[in-house]
Structures are given as C-alpha cells and as structure tokens.
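One structure is given below, encoded as structure tokens.
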2 protein chains.
Amino acid sequence: MAEQKTAYHHGDLPRALKSAALDLISEHGVTGFTLREAARRAGVTHAAPYRHFSDKSALLAALAEDGFSELRRRLEEAADQAGDDPLARFVSLAPAYVRFAVEQPSYFRVMYGFDAPDKMKYERLGEADDAAFAVLVEGVRMAQEKAAFIHGDTQRIAILAWLMVHGLAHAHIDGALTRRGIDADNIDEALAQGSELMMRGFLAGSG
Amino acid sequence: MAEQKTAYHHGDLPRALKSAALDLISEHGVTGFTLREAARRAGVTHAAPYRHFSDKSALLAALAEDGFSELRRRLEEAADQAGDDPLARFVSLAPAYVRFAVEQPSYFRVMYGFDAPDKMKYERLGEADDAAFAVLVEGVRMAQEKAAFIHGDTQRIAILAWLMVHGLAHAHIDGALTRRGIDADNIDEALAQGSELMMRGFLAGSG
DNA sequence: ACCTGAACACCGTTCAAGT
DNA sequence: ACCTGAACACCGTTCAAGT
C-alpha cells in the first residue's frame, strides 16, 4: 500500500501526497502528520510538495475538501435509495453521516478538527462543506413542504438536526462514547434512539 | 498579563506553565502550543518543564483536567441555582455548558479536541471527565424519578442529551455556526430552540 | 515545469552539570 | 530538589541550482 514509489516522479504527486497524508493521520492523528514524512512516503524530496501546495495547511485543506465531496456523495446516495417519502429521505441521512465518520475517520478529523484548515481562507473548502450541508438543508425543506415537519427557519432546523448526528460521530471517533458504553456494536442502536427522540421533537403537532 | 516572571523561579512553575500554555492555545490553537515557548513565557529554560511534566502531552492532560473540574463546578452551580424542580435543574445544564465553552474556548479545545490527551492513559483526566459527566447523568436520573421523563438507560439518555449541547458548543467554537448564521448574538436563541426540541423528545407521553 | 540539496530558524527530549 | 546548557534528531519553509 506504500511501495509503488517509482511512478510518482512524473506522475500524480499531489494525489500521492494526499494519500500519504491520510495514512499518516490515521496512524498518528492530524498532529502527527508531517509534510516531510509525506514527501518521504511519496518518494520525493522534502521541498517537492511546495511545487503543488503552498504550505502544510494547504495540503490539509485539499484533503478536507476531498472529504466533504465524498460526504456529500454519500448523503445524496442515501437519500436517493430511501425513495420518495420526504421523512424517509431525511431520516436516512443520519446513518449515512455516521457511517462516513466511522469508515473514514481520518477525513473526518481534517474536516472537523479544531485546528482544521480555515474554511474562510480556503474558499473551495468552504464551498465543499456548504455543498454537503446543503443536502441536509434540502432534506429539511422537503420535509417541511410535504410532511408534518416543524415550521420555522429551515437552515436553523437543519443545524439542530446536524448537531446531534455530528456530535455522535465526533464523540464516537475520539473515544468519548466507548468510555461510556457505546461502541461499534451498539452505535447503530444509539443512533436510532437518538433519531427517534429528535424526530419526536421535529414532527410538529404529533403526540 | 505575562510580565511577572520574577516570582516563578522558586515559585509555582507548574501553574505558570499551564497558564502560559492556555494563553498560547488561545493565540495559536493547540497545534500552535509549544513547550519551549511556554517555558520562555514562564521565564525558565526549555528543559525546566520536564521536572514537573513528563512530556508535552502530560502538560496538556493537566490542563484538560483543570478544565473538566471547572466545567463540573459550573454545572453543579447552575443546577443548584435552578432550585428543586428536576426538569428545571436538567434544563439549566445546557446553557451552563455552552457558556463554559464560549468563555473558556482554550480549555474546551484541550478537553475535546481530536488530538486531546488520552483519557485512558491519564487516569486523573478520565476521572475529571467522568465527574463532570456525572452531573448530567444525575440530572437525567432525577428527572426520570420525579418527573415525566422518558424511561430507559439513564446513561444512554444522558449521552444523547449531551451530544446536541456539546455539538452546539463545539461547532460554535470552530466557527461552523457563524458561517451558517448563528453567532454570539443568537446562540442563546438557537440553544433554547434546540433544548425545546430535545425536551419534546424526552418528555415521555406528552403531546 | 518540476525536483534536489543546502540552509535557517524552529521543535521535543535527554543528559551531564551546576546550585 | 530544581534548573541550566549543550546536544541530537527532528520540523516547516525558502532558495539557488539542476534537468
């Protein structure tokens, strides 16, 4: 998985660097990722990355951007597979989100860590984030329009829905849940219970 | 705020280092915190910290531990000021939690960042975390016992309640909310709406 | 256009030595 | 018991130079 150094030299160095960075993050966390080590693994000198990324955080920003694109793809896929019912589509987003976090924790870390690249500074990154979030907003909008979903500011409601799911994914990744009895075996169950609680709040006027 | 170097030399170097570290984190993030710079600000040589902390992450762990103690203090204070009604006590925890995150973002970052010190490795840190979380669990337990609160696993329900509030605080600190129209001016309003939604889910059998 | 190699100013950590 | 100073193996970033 890291032995094909030969092709990179006139090949796709940006891709090779991002791939190495992702490996490093899963091995040692974002803090443990190093531009020089990534260059080494890509079979290239420590100064070479600067031909493709202006600095370390630019590489992380590119990585996070890829992550948001993938997240968006997964959310859209989940909604599409859920069919036409607006509530079913909305509810399907939660497990898709959590599954992404669990299967791609390294992406999740660069996307949402405290020291993640600044979404204001890296414009394309901010746009990728917005595009993924837009799937959720659209889910709320349709549910408000065609189902008994709570009224009010669509974006605000989408944020509140996102928070719990995001919190679950986040806390699971950094082990906060495992220490409290929620692990890979029952995270789906916890998520289902959480979704149910949330939906009870979101369904306007239902008992 | 950083000019009293003179007293430290035979004074309280651990405290001085933690204080400098906290300043550095608020200036440059956890990533930007450096043991050498903290030593410099404490008026001491770069090797001196090793007499008090085994390494960099041990200092961060001590800092996070302080943060959890302070959070616990605030949660207990909020509940006590809310009086005797179990629901009022429970509901009062949310704004107290968010206020801590907003007022002490540097503590929050060391406590809950992805690369935060390992709560398994640093035993006292894990205990401080548990002690803060226990306030929330106790709130749920009392609400279940003396009010129309949803039944089921107390700890599990406490986690779900925590997730949304934690997610709100977390997302606010790293700017994810500001980009979506929630800032210091209306975070209380968003929190209130979120709490209301949550409570609708938590209150068993109510319409 | 893309990469190398030397250079600079930083780190974390260790260790002998000082008081 | 606590701190210093030198040392080592690392970083991120820049820049002249090579192809």
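Just so it is clear: chains get the letters A, B, ... in the order the sequence lines come, proteins before strands, and each one is counted from 1. Below, each value reflects all heavy atoms present in this structure, side chains not excepted, and no hydrogens, waters or symmetry copies. A quick note: this is a predicted structure, and the numbers were derived from the prediction, not measured.
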(request) Write down the atom of A/V110, the atom of A/V30, and the distance for their closest heavy-atom approach. (result)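 Nearest heavy atoms, A/V110 then A/V30: N-CG2, 4.4 Å.
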(message) Let's see if you get this right: which residues in residues 110-118 of chain B place a heavy atom under 4.0 Å from DNA chain D?
(response) none
(message) Once rounded to the nearest 0.5 Å, what's the spacing between atom OG1 of B/T45 and atom CZ of B/R51?
(response)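 Atom-to-atom, B/T45:OG1 and B/R51:CZ are 12.0 Å apart.
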(request) Would you give the length of the straight line joining atom OG1 of B/T31 to atom CD1 of B/I25, rounded to the nearest 0.5 angstrom? (result) 9.5 Å
(message) I'd like to know if B/E77 and B/R89 make a salt bridge, using a cut-off of under 4.0 Å between side-chain N and carboxylate O.
(response)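 Salt bridge absent between B/E77 and B/R89.
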Given side chains that start at C-beta, do those of [X] and [Y] come closer than 4.5 Å, heavy atoms only?
| X | Y | result |
| --- | --- | --- |
| B/L168 | B/L177 | yes |
| B/F53 | B/L35 | no |
| A/F90 | A/E138 | no |
| A/L75 | A/L136 | no |

(message) Main chain of A/I150, side chain of A/Q144: is a donor-acceptor contact present, judged purely on distance under 3.5 Å?
(response)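 Side chain of A/Q144 to backbone of A/I150, a donor-acceptor pair under 3.5 Å: yes, one is there.
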(request) Calculate the interatomic distance between B/D12 atom CG and D/dC3 atom P; express it in whole Å. (result) 10 Å
(message) If I take atom CG in residue B/L59 and atom C1' in nucleotide C/dT13, what distance separates them, rounded to the nearest angstrom?
(response) 14 Å
(request) Just grab all the side-chain hydrogen bond (donor to acceptor under 3.5 Å, both in side chains) pairs involving residues 93-112 of chain A, residues at least two apart or on different chains. (result) A/R74-A/E103, A/Y97-A/Y112, A/Y97-A/W162, A/Y97-A/H166
(request) Check whether the side chains of A/S92 and A/Q81 place a donor and an acceptor atom closer than 3.5 Å, and report yes or no. (result)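 Short answer, no.
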(request) State the dot-bracket string of DNA chain C. Criteria: Watson-Crick or G-U wobble, both atom distances under 3.5 angstrom; notation: ( ) intrastrand, [ ] crossing earlier pairs, | interstrand, . unpaired. (result) ||.|||||...|||||.||
(request) Considering just the side-chain nitrogens and oxygens of A/H52, establish if one lies under 4.0 Å of OP1 or OP2 belonging to C/dA1. (result)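 Negative; the distance criterion is not met.
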N/O-N/O pairs, protein side and nucleotides 14-19 of chain D side, under 3.5 Å:
none

Could you pull out every donor-acceptor pair under 3.5 Å between side chains of residues 56-67 of chain A and any protein atom, sequence neighbours left out?
unit_1 : atom_1 : unit_2 : atom_2 : d
A/K56  : NZ     : A/F33  : O      : 3.1
A/S57  : OG     : A/D55  : OD1    : 3.4
A/S57  : OG     : A/Y122 : OH     : 2.8
A/E65  : OE2    : A/R124 : NE     : 3.1
A/E65  : OE2    : A/R124 : NH2    : 2.8
A/D66  : OD2    : A/K18  : NZ     : 2.9

(request) Kindly determine whether B/D130 and B/K119 satisfy salt bridge (charged side-chain N to carboxylate O under 4.0 Å, His left out), including the steps that lead there. (result) CA-CA 10 Å; B/D130 291 343; B/K119 277 138 192 161; over 6 Å; no
Please list, for nucleotides 8-11 of chain D, all pairs of protein and nucleotide N/O atoms separated by less than 3.5 Å.
unit_1 : atom_1 : unit_2 : atom_2 : d
D/dC11 : OP2    : A/R40  : NH2    : 2.8
D/dC11 : O3'    : A/T34  : OG1    : 3.2

